[in-house]
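Only one structure is covered here, and it is reproduced in the block below.
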Amino acid sequence: MSGDHSHNDDRIDCGSRVNDSHKHKDKYKDKEHKHKDHKKDKEREKSKHGSSDHKDSSDKKHRDKEREKMKHKDGSTDKHKHKDKEKRKEEKMKSIDGKIKKEKENGFASPPHMKSEPEDDFYHSPKHEKSLKRERDDDNDSEFKPKKIKTENDKKAKKRKQQDDDDEDIKPKKTKNKKGEVTDGKKKGKKEPEEKWKWWEEERYTDGSKWRFLEHKGPVFAPPYEPVPSNVKFYYDGKHMRLSPQAEEVATFFAKMLDHDYTTKDIFRKNFFKDWRKEMTSEEKATITDLKKCNFAEMNEYFKAQSEARKAMSKEEKLKIKEENERILQEYGFCIMDNHKERIANFRIEPPGLFRGRGDHPKMGMLKRRIRPEDIIINCSKDSKHPKPPPGTKWKEVRHDNKVTWLVSWTENIQGSIKYIMLNPSSRIKGEKDWQKYETARRLKSCVDRLRAQYRDDWKSKEMRIRQRAVALYFIDKLALRAGNEKEEGETADTVGCCSLRVEHIKLYPEKDGQEYVVEFDFLGKDSIRYYNKVPVEKRVYKNLQLFMENKEPDDDLFDRLNTSILNKHLQELMDGLTAKVFRTYNASITLQQQLKELTSPDENIPAKILSYNRANRAVAILCNHQRAPPKTFEKSMQNLQTKIDAKKDQLSDARRELKSAKADAKVRRDEKSKKAVETKKKAVQRIEEQLMKLEVQATDREENKQIALGTSKLNYLDPRISVAWCKKWGIPIEKIYNKTQREKFAWAIDMADEDFEF
DNA sequence: TACCGTACTTAGAAAAACGTAT
DNA sequence: ATACGTTTTTCTAAGTACGGTA
């Protein structure tokens with residue numbers, strides 16, 4: 001039920017947004033084919049057109065739908081071709097953002113800047129400046145050194161140092177020992193207060209390399225298939241049928257999902273059945289010709305029973321499993337990268353199963369095949385102990401590419417894309433990048449006014465492509481839309497972002513709900529999450545949209561002369577390191593900061609402040625359209641809360657009644673005792689009222705959060721230093737905001753931001 | 001400049017772990 | 001102890017972006 005996103009049905013409005021993607025999907029489903037054909041048309045058309053229109057039409061594949069339109073477009077474009085060039089030059093000139101091209105070449109768009117970036121100095125307190133500058137030679141090593149590999153590691157370290165020294169043009173310096181305070185740190189699960197490595201106080205590589213030394217144990221493979229016991233039967237057309245192990249394994253994948261909505265979907269069933277048949281013996285293939293006649297019920301029950309049994313295991317058994325998992329984690333869950341032991345994010349190879357694409361995915365149900373050592377590419381340093389493939393097997397390849405961060409990769413069979421094993425977010429390599437991301441966003445902050453002025457100006461451009469670019473950018477900025485790369489037709493669900501919006505995704509209203517020039521957005525974005533929003537826009541934008549939509553079919557691209565690559569190229573010229581997604585980061589972070597300022601009341605207590613924080617967080621989540629399916633238990637927990645509220649209400653009216661009668665009583669008796677009784681009852685009423693209010697606030701809060709996911713923005717869009725600074729400023733323990741994992745990921749921010757950090 | 005492959009970030013669901021009430 | 005609800009962790013799909021190539 002979740003994978004198919006039909007739950008979107010129930011998603012409610014966030015503000016003016018309504019969620020209802022299921023209906024939408026249906027809508028799009030109808031269109032799918034049409035759209036497809038259409039694109040083909042476009043393609044065909046494209047090749048027909050000669051060089052004269054290459055400028056326009058080749059910009060974007062599947063653009064030009066009708067020749068008529070083409071003429072229209074071409075006309076305007078050709079006319080302004082040279083102008084265009086001029087403009088570009090101008091733009092280039094303008095972009096004297098003092099950026100260092102060199103860094104770009106290095107693949108470090110901005111982080112290494114730390115040093116050279118004026119903004120940094122500007123924003124950081126002196127204390128931090130220091131760390132930013134990375135007093136490099138500060139002999140500071142010490143950290144981890146797990147006992148086991150200690151010596152070996154030391155050797156390696158030396159080796160590495162040596163290397164570095166030999167490499168002239170490699171700046172990064174290696175960690176050395178600071179003050180000789182050798183921590184005996186081990187990850188060994190022991191509670192030893194391991195000295196944390198502050199990678200953020202060290203220099204970064206500026207040559208585009210990601211590491212000097214990398215050693216790991218390779219991936220953990222999925223456990224081999226265990227056939228179901230023979231008493232667990234599969235029936236075809238009512239008759240028991242014994243399946244070959246291969247066919248049986250795939251059957252179990254389906255059987256396990258019987259309760260899932262996926263198995264009711266035609267595409268899923270069709271894809272599954274097709275792939276399942278490929279695994280069958282010829283006899284099986286001959287017999288099993290109709291999925292509807294397959295009865296997996298016993299298998300399904302068996303797996304349910306298994307998981308019940310697992311739950312019911314004794315403490316000891318559970319502990320045993322836990323320990324075994326811990327062992328595997330210790331062995332495979334870490335790697336050594338440049339002197340430090342770092343946690344690997346996903347060291348387990350994805351097990352085989354049925355592909356669970358999101359939304360209306362054309363490939364859902366396909367068999368995701370088992371990954372074998374022969375599929376695996378290992379990446380590690382030459383001078384490391386290479387991981388060993390399981391006995392009797394070989395790796396596909398072992399390479400030593402320090403320009404990338406992954407340790408293991410393989411090609412997945414559904415989309416043919418590459419999957420990677422990489423490090424944990426707490427690792428240096430991820431952390432640096434994350435930090436860098438926020439620094440880029442902060443640089444945008446310092447020039448966003450200029451940029452906004454520019455795109456507003458471009459709304460008036462004589463060139464269509466510039467207007468489109470400017471309007472798209474406006475959407476990205478104002479609405480935090482994603483860039484919207486084009487996607488391969490038929491390979492994925494039909495979802496869009498800004499540049500790939502189609503005419504059918506917006507509606508224009510000259511006047512709506514008392515507002516002028518309203519644009520109604522309604523489309524499926526990433527993960528087929530519906531984006532629905534009504535926004536009043538500037539008249540010029542409105543007029544431009546009308547122009548863009550002229551003579552187009554609903555399934556034509558709105559921005560037919562724009563794609564993400566054009567847009568990003570433009571952005572790059574405006575600011576070094578600027579891409580469409582930086583706007584999301586920037587707008588998310590700046591919104592948090594501003595909302596925190598607005599919502600935090602100094603004299604409120606901690607819970608109230610935290611509520612404010614969550615509200616600020618929620619504002620960002622709404623901006624970024626981060627939704628979730630209402631938790632399964634939502635209704636129930638809401639009900640429970642409501643029961644509590646009702647009970648409270650009853651209690652309150654009881655208390656009130658008592659108060660009333662006490663008052664009456666007092667009136668009659670007119671003695672001290674009864675007066676006191678009245679006071680007591682009054683107090684009781686007040687207390688209960690308060691409690692009731694609290695509960696109601698809690699309910700509101702929960703309700704507000706029903707389909708809003710705060711996690712994504714917290715983890716990916718909000719500069720953690722804003723939160724850290726806020727906590728410090730108001731004396732809120734950081735644990736109230738970030739859990740353990742989050743604190744690990746944001747260790748750099750927690751360490752470096754003080755209360756006056758400004759994004 | 002379209003196109004493709006690659007690398008890496010972002011995303012919500014599902015599973016597992018945890019805490020608490022019964 | 002068990003059931004139950006909540007929080008955290010895991011999982012992997014789905015994006016963005018970019019560079020090389022023809």
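So that the names make sense, note that chain A is the first sequence line, chain B the second, and so on, each numbered from 1.
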Original post:
Below 6.0 angstrom between ring centroids: does that apply to Y332(A) and F347(A)?
Top reply: no
**OP:** Determine, using ring centers only, whether F521(A) and F475(A) are less than 6.0 Å apart.
**Re:** yes
Subject >> Sequence-aligned protein contact record of nucleotides 5-10 of chain B, with B where the base is within under 4.0 Å of a protein heavy atom and S where only the sugar-phosphate is >> reply: -SBBSB
**OP:** Only counting residues at least two apart or in another chain, list the ones meeting side-chain hydrogen bond (donor to acceptor under 3.5 Å, both in side chains) with T579(A).
**Re:** none
Using whole Å, report how far [atom1] of [X] lies from [atom2] of [N].
| X | N | atom1 | atom2 | result |
| --- | --- | --- | --- | --- |
| I566(A) | dA17(C) | CD1 | C1' | 15 Å |
| L501(A) | dG15(C) | CG | P | 13 Å |
| L354(A) | dA13(C) | CG | P | 12 Å |
| K487(A) | dA13(C) | NZ | P | 14 Å |
| L571(A) | dC18(C) | CG | C1' | 14 Å |
| E488(A) | dC3(B) | CD | C1' | 10 Å |
| N705(A) | dT7(C) | CG | C1' | 13 Å |
| F583(A) | dG15(C) | CZ | C1' | 19 Å |

Does a side-chain N or O from [X] land closer than 4.0 Å to OP1 or OP2 of [N], or not?
| X | N | value |
| --- | --- | --- |
| T564(A) | dT16(C) | no |
| T495(A) | dG15(C) | yes |
| N346(A) | dC11(C) | no |
| K740(A) | dT7(C) | no |

**OP:** Kindly compute the distance separating CD1 (I377(A)) from CD1 (I418(A)), expressed to the nearest 0.5 Å.
**Re:**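 Here the interatomic distance stands at 7.0 Å.
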What's [X] touching, base or sugar-phosphate or nothing? Going by heavy atoms closer than 4.0 Å.
| X | answer |
| --- | --- |
| N739(A) | sugar-phosphate |
| K368(A) | sugar-phosphate |
| G525(A) | sugar-phosphate |
| Q415(A) | sugar-phosphate |
| A345(A) | nothing |
| P425(A) | nothing |

**OP:** With the side chain of N485(A) defined as its heavy atoms from C-beta on, choose the nearest nucleotide among dG12(B), dT10(C), dA17(C).
**Re:**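 Selected nucleotide: dA17(C).
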Original post:
Is it true that the NZ or CZ of K363(A) lies under 6.0 Å from the centre of F355(A)'s six-membered ring and within 45 degrees of the ring axis?
Top reply: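 No, K363(A) does not sit over the ring of F355(A).
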Original post:
Can a cation-pi geometry be assigned to R372(A) and W410(A), taking NZ or CZ under 6.0 Å from the six-membered ring centre and within 45° of the ring axis?
Top reply: no
**OP:** Could you pull out all residues at least two apart from Y738(A) that satisfy ring pair (Phe, Tyr, Trp, His ring centres under 6.0 Å)?
**Re:** F746(A)
Subject >> Partner set under ring pair (Phe, Tyr, Trp, His ring centres under 6.0 Å) for F253(A), not counting sequence neighbours >> reply: none
Subject >> Pairwise 5' ranking along DNA chain B for R356(A) and S713(A), keeping only the more 5' one >> reply: S713(A)
Please produce a list of atom pairs where a protein N or O lies less than 3.5 Å from an N or O of nucleotides 4-6 of chain C.
unit_1, atom_1, unit_2, atom_2, d
dG5(C), OP2, K636(A), NZ, 3.3
dT6(C), OP1, R702(A), NH1, 3.1

Subject >> Inter- and intrachain pairs under ring pair (Phe, Tyr, Trp, His ring centres under 6.0 Å), touching residues 308-330 of chain A, at least two apart >> reply: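 Applying ring pair (Phe, Tyr, Trp, His ring centres under 6.0 Å) to every pair that reaches into residues 308-330 of chain A, excluding sequence neighbours, yields nothing.
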Subject >> 5′-ward residue of the pair R348(A)/A483(A) relative to DNA chain C >> reply: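 So the residue in question is R348(A).
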**OP:** Between P351(A) and V582(A), name the one whose nearest nucleotide on DNA chain C is closer to the 5' end.
**Re:** P351(A)
**OP:** Would you please test E326(A) and Q330(A) for side-chain hydrogen bond (donor to acceptor under 3.5 Å, both in side chains) and show each step?
**Re:** CA-CA 6 Å; E326(A) 182 62 21; Q330(A) 288 307 321; 2.9 Å; yes
Subject >> Neighbour count >12 (heavy atoms, 6.0 Å) for atom NZ, K320(A) >> reply: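 For K320(A), atom NZ is not crowded (no more than 12 foreign heavy atoms under 6.0 Å).
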